[in-house]
Each structure stands twice: as C-alpha cells, then as structure tokens.
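Here is the naming used below: chain letters follow the sequence lines, and residue numbers restart at 1 for every chain.
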Number of protein chains: 2
Amino acid sequence: MSKWGVLVLLALTDGTHRWGELRREVDGISEKMLASTLRTLETDGIVSRTSYPEVPPRVEYALTELGRELMEHMLPLVQWVALRADGIVRER
Amino acid sequence: MSKWGVLVLLALTDGTHRWGELRREVDGISEKMLASTLRTLETDGIVSRTSYPEVPPRVEYALTELGRELMEHMLPLVQWVALRADGIVRER
DNA sequence: CAGCATCCCGAGCGATACTG
DNA sequence: CAGTATCGCTCGGGATGCTG
C-alpha cells in the first residue's frame with residue numbers, strides 16, 4: 001500500500017464516501033489510481049464497497065472493522081510524520 | 001521510505017549494527033538497496049553513520065534520537081500488520 | 001456517475017562487476 | 001569490509017478515450 005492508499009484511508013476515517021467525493025478529496029489522485037487503490041483495499045478487506053442499483057449509479061466506500069482497527073494503529077504514526085515532515089525536509 | 005526502509009529500521013531497533021550485519025539480517029536486500037536506503041535514512045536524520053579509520057574498515061549504523069522516536073510510533077503498527085498479514089493474504 | 005482499456009514513460013530495483 | 005558503477009528490465013502511475 002503506497003502513498004495513495006494512506007491518503008484514501010485518511011479520507012475514509014471520517015466515514016462513508018462516494019467515488020466522486022474521494023476523487024475530489026484525495027488531492028491529485030487520478031481515476032486509475034483511485035480505482036486500483038480501492039480495489040486493492042477492498043480485496044484486502046480494509047475497505048467495503050456498496051453499490052446501489054440506481055440511475056445514476058451510486059457507490060459508497062467505507063472502512064471495514066479491520067480498516068478501522070488499522071487506522072487506529074496508523075493514525076498516531078501519520079500524525080507524528082506530519083508533525084516532523086517539515087523539519088526533516090528542511091534539515092537536509 | 002519503502003519496504004526496505006522499514007526492515008532496516010527494524011533491524012536497528014535493537015541497537016547499533018555494522019554494514020555486513022545489516023546485509024545479512026535484512027533478508028533479501030541487495031547491496032545497492034542497502035546502500036541507498038541507508039543514505040536516505042541518514043540524510044533524513046533517522047539513522048546515524050559512524051565510520052572508524054581502521055583497516056579493515058568498520059562502519060556502524062544506529063538510530064538517531066529522531067529515529068528512535070519514529071520507531072516508537074511505528075512499532076505498534078508494524079506488529080499489528082504482522083499479526084494480521086497472514087489472515088489478510090489468506091482471505092482474498 | 002462510476003468506472004475500465006490502452007498507451008507510454010521514467011523511476012526503482014535486481015544482478016553483476018569493480019574499488020578504496 | 002564497505003561500498004560504487006553500470007546495465008537492463010519491470011512496474012507504478014499519468015494521460016486519454018470509451019462504456020454501462
């Protein structure tokens with residue numbers, strides 16, 4: 001799971017989101033990467049995908065129980081990195 | 001920081017190590033990746049490099065204070081992933 | 001709206017050989 | 001012992017266009 005995986009999971013930590021929302025919220029991600037990232041996360045059982053049989057189509061993504069557990073362990077690290085990242089880049 | 005970065009840091013969490021030790025302990029890493037990984041970690045201020053002016057050469061690598069702080073935040077996640085990884089791979 | 005199919009390029013990385 | 005140099009290929013990922 002790369003950078004995009006983390007960013008998508010981060011976007012999902014505050015609840016369910018639709019495809020288009022993720023497309024907009026995860027800054028700079030292409031449709032291709034969003035699609036493949038979501039598929040990977042889904043087959044890993046970290047994210048759940050629910051499509052509603054409507055026109056126009058609506059698909060919602062959310063963290064599974066495993067996903068929420070993962071984010072519980074990952075968030076502290078992400079926040080620490082975010083805190084330190086500026087300094088690390090500046091130092092070198 | 002990729003897979004190799006994590007594995008090198010993991011090897012360093014139990015203290016200082018020499019180049020050759022890391023080469024053996026980090027399973028499957030090539031000399032090239034070990035070198036570039038260590039250089040990246042060093043310029044990021046996560047790992048310190050100490051070379052002793054001896055023959056034969058001896059170079060030791062260790063976590064810096066920043067590195068230890070990082071591992072403090074990263075270890076819980078790594079352990080959780082290690083716990084779950086088997087199940088995740090098996091499930092799909 | 002929510003994707004999939006193609007083409008394409010450059011970074012990442014492995015393998016191998018050489019050096020201070 | 002502790003690296004550097006070079007080659008070659010795989011693959012992530014961007015751009016673009018098409019579909020149910």
Of the listed nucleotides ([options]), which one gets closest to any side-chain atom of [X]?
{"X": "A:Lys32", "options": "D:dG13, D:dT4, C:dG14", "result": "D:dG13"}
{"X": "A:Pro57", "options": "C:dC1, D:dT4, C:dG3", "result": "C:dC1"}
{"X": "A:Val59", "options": "C:dG3, C:dC1, D:dG13", "result": "C:dG3"}

Practice task
Using a 4.0 Å heavy-atom cut-off across all strands, classify A:Arg18 as base, sugar-phosphate, or nothing.
Solution key: sugar-phosphate
Practice task
Assign B:Tyr61 to base, sugar-phosphate, or nothing according to its heavy-atom contacts below 4.0 angstrom with the strands shown.
Solution key: sugar-phosphate
Check the phosphate of [N] against [X], side-chain N and O only, distance under 4.0 Å to OP1 or OP2. Yes or no?
{"X": "A:Ser30", "N": "D:dG14", "result": "yes"}
{"X": "A:Arg39", "N": "C:dG3", "result": "no"}
{"X": "B:Arg49", "N": "D:dG3", "result": "yes"}
{"X": "B:Trp19", "N": "D:dT4", "result": "no"}

Problem - Cationic N near anionic O, under 4.0 Å, A:Glu21 to A:Arg24 - result: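 The answer is no: the pair does not qualify as a salt bridge.
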Practice task
Indicate yes or no: does B:Glu42 engage B:Arg39 in a salt bridge with an N to O separation below 4.0 Å.
Solution key: no
Between [X] ([atom1]) and [N] ([atom2]), how many Å, whole number?
{"X": "A:Glu42", "N": "C:dA2", "atom1": "CD", "atom2": "P", "value": "15 Å"}
{"X": "A:Lys3", "N": "C:dA11", "atom1": "NZ", "atom2": "C1'", "value": "14 Å"}
{"X": "B:Met33", "N": "D:dT10", "atom1": "CE", "atom2": "P", "value": "18 Å"}
{"X": "A:Glu31", "N": "D:dG20", "atom1": "CD", "atom2": "P", "value": "17 Å"}
{"X": "A:Leu38", "N": "C:dC1", "atom1": "CG", "atom2": "P", "value": "17 Å"}
{"X": "B:Tyr52", "N": "D:dA2", "atom1": "OH", "atom2": "P", "value": "12 Å"}
{"X": "A:Glu21", "N": "C:dC1", "atom1": "CD", "atom2": "P", "value": "12 Å"}
{"X": "A:Leu34", "N": "D:dA15", "atom1": "CG", "atom2": "P", "value": "15 Å"}

Practice task
Please say whether more than 12 non-hydrogen atoms of neighbouring residues, nucleotides or ligands are located less than 6.0 Å from CG in A:Asp27.
Solution key: no
Handout entry: Residues A:Glu69 and B:Trp80: side-chain donor-acceptor under 3.5 angstrom
Key =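 Distance-only check passes for A:Glu69 and B:Trp80.
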Exercise for the section: Could you tell me whether the side chain of B:Arg58 and the main chain of B:Ser51 form a donor-acceptor pair under 3.5 Å? Expected result: no
